[in-house]
Amino acid sequence: VIHTCRKKLTDMYFGNYAIDLLNYVVSLAVPFFFCVSGYFLYKKITQSGEREKILKQTRRKYFRLYLIFSAVYLPISAYAWLGEYYRGDGILKIGIRALKNYILVGEQPYSWPLWYLLAMIYGVSVLLKSKDDNKVMIAESVIFFIVAIILNHFSSIKMIGWVLGL
């Protein structure tokens, strides 16, 4: 349902209210995957008792996967960059955009799933820098959640704002 033609399906059978509701449910998919990843990471850390070692291994694993899949997607991305070049974008502009997307966004043309790996790399890096204290981690989580709500509020996706009445 997440990546299908849900608008057509709901338009045909249920109307606009169903689209809003379905979009809200679908918007929970990404936080759910992050929660599941965090749960399994937490479980691994508590079983081993070696927080820093596990976090470094996990970050290294995600970084390796990010590099491998970036290389897999590279020919497709290069083809898209070539198209951008022929449409008039300069090599410098394309290169800067590609570098920005690799470092900050985690996606290139036709490689959208890579953002999740990059987000996990950054998330695990934040955990490595934070104290091993549940109260501190909960406070950090609340701060990140508030920042996400603010960023989401100013983006084109207004579902969280709708739910919270913003």
Original post:
Crowded around F63 CZ? As in, over 12 foreign heavy atoms under 6.0 Å?
Top reply: no
Original post:
If Ile, Leu, Val, Met, Phe, Trp and Tyr residues are connected whenever their side-chain heavy atoms lie under 4.5 Å apart, and connections chain through other members, are I91 and Y86 in the same group?
Top reply: yes
Original post:
Where do S77 and P109 come nearest, in terms of heavy atoms and distance?
Top reply: OG-O, 3.3 Å
Subject >> Co-membership, hydrophobic cluster, residues I103 and L67, 4.5 Å side-chain >> reply: yes
Original post:
Is any side-chain N of the basic residue among E84 and R97 closer than 4.0 Å to the acidic one's carboxylate O?
Top reply: yes
**OP:** Establish whether I96 and W81 are linked, either directly or via other cluster members, by ILVMFWY side-chain heavy-atom contacts under 4.5 Å.
**Re:** no
**OP:** Please name the pair of heavy atoms, one in Y85 and one in I94, separated by the smallest distance, quoted to 0.1 Å.
**Re:** N-CD1, 3.5 Å
**OP:** Could you state whether V136 and Y122 fall into the same hydrophobic cluster, counting links through intermediate Ile, Leu, Val, Met, Phe, Trp or Tyr residues with side-chain heavy atoms under 4.5 angstrom apart?
**Re:** no
Subject >> Residues N101, Q108; criterion side-chain contact (heavy atoms from CB on, under 4.5 Å); working and verdict >> reply: CA-CA 6 Å; N101 284 346; Q108 296 299 334; 3.2 Å; yes
Subject >> For L118 against L104, the heavy-atom pair lying closest together >> reply: CD2-C, 3.9 Å
Original post:
So, for V124 and R59, which heavy atoms are closest and what is the spacing to 0.1 Å?
Top reply: CG1-CB, 3.7 Å
Subject >> N/O donor-acceptor pair under 3.5 Å between R51 side chain and L127 backbone >> reply: yes
Original post:
Is the closest side-chain heavy-atom distance between P113 and Y73 below 4.5 Å?
Top reply: yes
Original post:
Is it true that L99 and L114 fall in one hydrophobic cluster, defined by side-chain heavy atoms closer than 4.5 Å?
Top reply: yes
Original post:
Is the closest side-chain heavy-atom distance between F69 and L74 below 4.5 Å?
Top reply: no
Original post:
So which heavy atom on G106 is nearest to which on Y66, and how close?
Top reply: CA-OH, 3.4 Å
Original post:
Rounded to the nearest 0.5 Å, how far does CD of E107 lie from CG of L117?
Top reply: 12.5 Å
Original post:
When you look at I143 and I146, which way does the side-chain contact (heavy atoms from CB on, under 4.5 Å) test go after all the steps?
Top reply: CA-CA 5 Å; I143 291 168; I146 291 169; 5.8 Å; no
Subject >> Atom CD of E52: over 12 foreign heavy atoms under 6.0 Å >> reply: no
Original post:
So among Y39, Y116, F40, which one has a ring pair (Phe, Tyr, Trp, His ring centres under 6.0 Å) with F34?
Top reply: Y116
